[in-house]
2 protein chains.
Amino acid sequence: MLAHELDARKHQILWAVIQEYVARAEPVASEALCHRYGLGVSAATIRLGMHALTEMGYLYQPHTSAGRVPTDRAYRLYVDRLMAGQVPPPEDHRLTPAERERIRRRMQAKDHAEDALEEAAHTLAALTDYPSVASTPGGPRRLRHLHLIPLADDRALLVVVAEGASEQRVVRLQRPATEEELRQVSQVLTRALRGLPLSEITEAVAQQAAAALPGRQELVNAVLAQLRRHGGVRAGVRFFVDGVSNILKQPEFQDVHRARPVLAALDREETLRDVLLPAPCDVHVRIGRENPVDGMWGCSVVAAAYRVRGRPAGVVGVVGPTRMPYARTIALVRYLAQTLSHTLSRTV
Amino acid sequence: MLAHELDARKHQILWAVIQEYVARAEPVASEALCHRYGLGVSAATIRLGMHALTEMGYLYQPHTSAGRVPTDRAYRLYVDRLMAGQVPPPEDHRLTPAERERIRRRMQAKDHAEDALEEAAHTLAALTDYPSVASTPGGPRRLRHLHLIPLADDRALLVVVAEGASEQRVVRLQRPATEEELRQVSQVLTRALRGLPLSEITEAVAQQAAAALPGRQELVNAVLAQLRRHGGVRAGVRFFVDGVSNILKQPEFQDVHRARPVLAALDREETLRDVLLPAPCDVHVRIGRENPVDGMWGCSVVAAAYRVRGRPAGVVGVVGPTRMPYARTIALVRYLAQTLSHTLSRTV
DNA sequence: GCTAGCACTCTCGCGCTCCGAGTGCTAAGC
DNA sequence: GCTTAGCACTCGGAGCGCGAGAGTGCTAGC
């Protein structure tokens, strides 16, 4: 069962079966290939090839008198070849300049990171017709600013500006603080902690910083507690999901029992994390059983990392059936990640 | 077809049919009522009542030899009586002190408005097993603070603290500004605009404020532009949705064609808005066709406004089949709105 | 006014047959 | 030796009819 046993004709046949199955979602017959694809041989010969491909695990036959369906292994081979440039993407799978332009225009209006991510998921869902996800930037972000803003006597707003994202939290004050006092605490802490990855802001580091702030120990502790939560396991990563109901348009998910696990996985942050991460460098494709989440077998995930100022920050991607126009999906996801990188590097 | 034609026995029968149908999701037969509910009369007599209720539009008969199913009208009557206290809620629909306690504990740990809303949707989904939604506070919120924080030479972070929520936006600077300068602009604008509803911060008001800031016209304009967007039509209302896939557990949504419109409505912000808003005072129930969004017929929405410092701010609610344990759902939604009001009033 | 009895209706599930699509194999041809 | 035409074979799916069962509506009697 070595993948290398595929000669030129078998490749031709396999690609044709994939293309045909992607388009029609029904087992592909030898006749259909014969007179829709110029393979130059008769249906009988194609049958021989299909038979061999079935034995090799690239095709699957639902029952004796049915056509063939590509297996995960077939898609994997196809995608590998595609990404290595050894297979030309079908004409209509390329992104036209007009499409690129439309995507760019939709994205560039957003001057708020979360809006941009939401728009990215939305655009991807609209263009692929699959559920789409964009994660907020995560990973070891470095702190840039801390600001405490007075809200009331017993609480203040802590604004944390980090690379790629900023967030705000409420901190409680055990005793009132003036605006001036808060400003001073912010300044001292910012100076001490700037440039540190949020996850590395430990007690020790901060205590040192707090030395310059006698009498405000509890406030410093409160700020620290928030920072730790912010930069901890959860790391503030959130997901924008769009077009979830699109999955129900796909013929393979007409059965609720097949669709529900997928929707359930898209519902929960923990599984979403597993599905999309770890963030790949370029585009990453997970086909069928390659997915870590049970019940997502039958799905493929195409995801790409976007970058903020050069560093991988978060992920955008789509979840669709394994029967998917990979060339086009990959091109779209890749381009969206690029555009998003660009947009976000201007933002925050 | 006057609703008042219902005598005591018809009421009894109707409530029993509803309860039985909610529990079993199958047309209810007269026999079943007879020996599962102590109505004190025979099946034949119950049949007479059911026949009459069918003619009056409270029950529906899928086919001649089938049992009865409650109509929207029946649920409406039931819910009206329930909320007026004229029908006692079934025993097991009441919230136990233990449940209340659990809800309160889950919610009170959240010190960030968005976390609290997310948790509210999550809790509601977990307890009802229906898709659940929580909206961020909207409406005419009054400004409390403006803060500009330097990010880089060409941009600053604008933190807008308003009643019930705070947000942050990036503003571009046409020329660099020092931290001190930004602080000054923030102070002047805050002093001038504090207390105004975001939607009423017009050009004129702000120009007046800006008079004190010669040479920073463009910065003031940039801030204004952001405020206007922030407080405009979209008003920054966002939705946290949880448990979407739960709808597929319901027997009435085993058919994808019935489920998809519902999921699609939950996907899109515009329809969500229509589904949940306008924010009602206490709990508001929309049954079947009462829903403004086509394709949500067959669903009921139970929603309640939560308040921030006494004013209605946003909404939490669930979307389920019309066949729903209304007493319990209403109690849950109501209690969650209360808890959320409490949590958010401490936050921001 | 209530109830027992009974005929009637309609759905659902089962088994049956038939049709057609598509294969695998074989034997002949280039 | 690879390719191809021809053909038998297999299997799923649609369509049909039937019987069982559930549940009603009606009527006659209490």
Side-chain angles (χ1 to χ4, degrees), chain A residues 5-14 16-21 23-71 74 251-252 254-255, chain B residues 5-14 16-21 23-71 74 251-252 254-255:
Chain A
E5 291 168 13
L6 297 190
D7 57 27
R9 169 163 310 150
K10 292 212 181 62
H11 272 129
Q12 275 191 312
I13 294 175
L14 190 53
V17 171
I18 290 176
Q19 192 172 335
E20 190 69 6
Y21 185 67
R24 311 201 179 234
E26 275 170 12
V28 180
S30 53
E31 297 272 9
L33 289 193
C34 187
H35 59 69
R36 264 199 283 272
Y37 296 78
L39 300 184
V41 287
S42 77
T45 308
I46 293 176
R47 275 205 288 281
L48 290 179
M50 287 168 87
H51 187 82
L53 286 166
T54 306
E55 299 240 298
M56 287 188 261
Y58 291 104
L59 294 178
Y60 162 75
Q61 196 171 19
H63 58 88
T64 330
S65 71
R68 299 307 210 286
V69 172
T71 61
E252 35 271 270
Q254 289 309 322
D255 180 2
Chain B
E5 291 167 13
L6 297 191
D7 57 28
R9 169 163 310 148
K10 292 212 181 62
H11 271 130
Q12 275 191 310
I13 294 175
L14 190 53
V17 171
I18 289 176
Q19 194 173 331
E20 190 69 5
Y21 185 67
R24 311 201 180 236
E26 275 170 12
V28 180
S30 52
E31 298 271 9
L33 290 195
C34 189
H35 58 72
R36 262 199 283 272
Y37 296 78
L39 299 183
V41 287
S42 77
T45 308
I46 292 175
R47 277 208 285 282
L48 291 179
M50 287 168 85
H51 187 83
L53 285 165
T54 306
E55 299 241 299
M56 287 188 262
Y58 290 103
L59 294 178
Y60 163 75
Q61 197 172 19
H63 57 88
T64 332
S65 71
R68 301 306 211 286
V69 171
T71 61
E252 35 272 270
Q254 290 308 319
D255 181 3

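If you're wondering where the values come from, they're calculated on a predicted model, not measured in any experiment. Below, chain A is the first sequence line, B the second, and so on; all start at residue 1.
Taking CG of A/Leu53 as the reference point, atom CD of A/Glu55 lies at 10.5 Å (rounded to 0.5 Å). Within the model, atoms CD of A/Gln254 and CG of B/Asp255 stand 8.5 Å from one another, a figure rounded to the nearest 0.5 Å. For the atom pair A/Glu31 CD and A/Ser42 OG, the distance stands at 9.0 Å (nearest 0.5 Å). A distance of 12.5 Å separates CE of B/Met50 from OG1 of B/Thr45, quoted to the nearest 0.5 Å. Between A/Gln19 atom CD and A/Arg24 atom CZ the span is 10.5 Å, to the nearest 0.5 Å.
In the region residues 63-70 of chain B, proximity to DNA chain D at under 4.0 angstrom, judged on heavy atoms, holds for B/Thr64, B/Ser65, B/Ala66, B/Gly67, B/Arg68. Across residues 24-35 of chain A, not one residue has a non-hydrogen atom less than 4.0 Å from an atom of DNA chain D.
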Could you walk me through whether B/Lys10 and B/Ile13 pass side chain to side chain contact (heavy atoms under 4.5 Å, CB included), step by step? CA-CA 5 Å; B/Lys10 292 212 181 62; B/Ile13 294 175; 5.6 Å; no
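Between its two ends, the helix from C/dG1-D/dC30 to C/dC30-D/dG1 turns its axis by 20°, counting five pairs per end and rounding to 10 degrees.
Using a 4.5 Å cut-off on side-chain heavy atoms (C-beta onward), B/Tyr58 and B/Leu6 make contact.
The environment of CD in A/Glu26 is sparse: at most 12 heavy-atom neighbours from other residues, nucleotides or ligands sit within 6.0 Å.
A/Tyr60 and A/Thr71 get closest at one heavy-atom pair: CB-CG2, 3.8 Å. Taking each heavy atom of A/Ala74 and A/Ile18 in turn, the nearest pair found is O-CD1, 3.8 Å. A pairwise comparison of heavy atoms in B/Ala43 and B/Cys34 identifies N-SG, 3.6 Å as the closest pair.
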Listing time: all N or O pairs from protein to nucleotides 26-28 of chain C that are below 3.5 Å?
none

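Between A/Arg47 atom CZ and C/dC25 atom P the separation is 11 Å, expressed in whole Å. Straight-line distance from the CD1 atom of B/Ile46 to the P atom of C/dA4: 12 Å, rounded to whole Å.
Not one N or O on the side chain of B/Ser30 forms a donor-acceptor pair closer than 3.5 Å with the backbone of B/Ile46.
Note that the first and last nucleotides of DNA chain D, 5' to 3', having any atom under 4.0 angstrom from a heavy atom of chain A are D/dT3 to D/dG12.
The side-chain contact (heavy atoms from CB on, under 4.5 Å) test applied to B/Thr54 returns B/Leu59, B/Arg68, not counting sequence neighbours.
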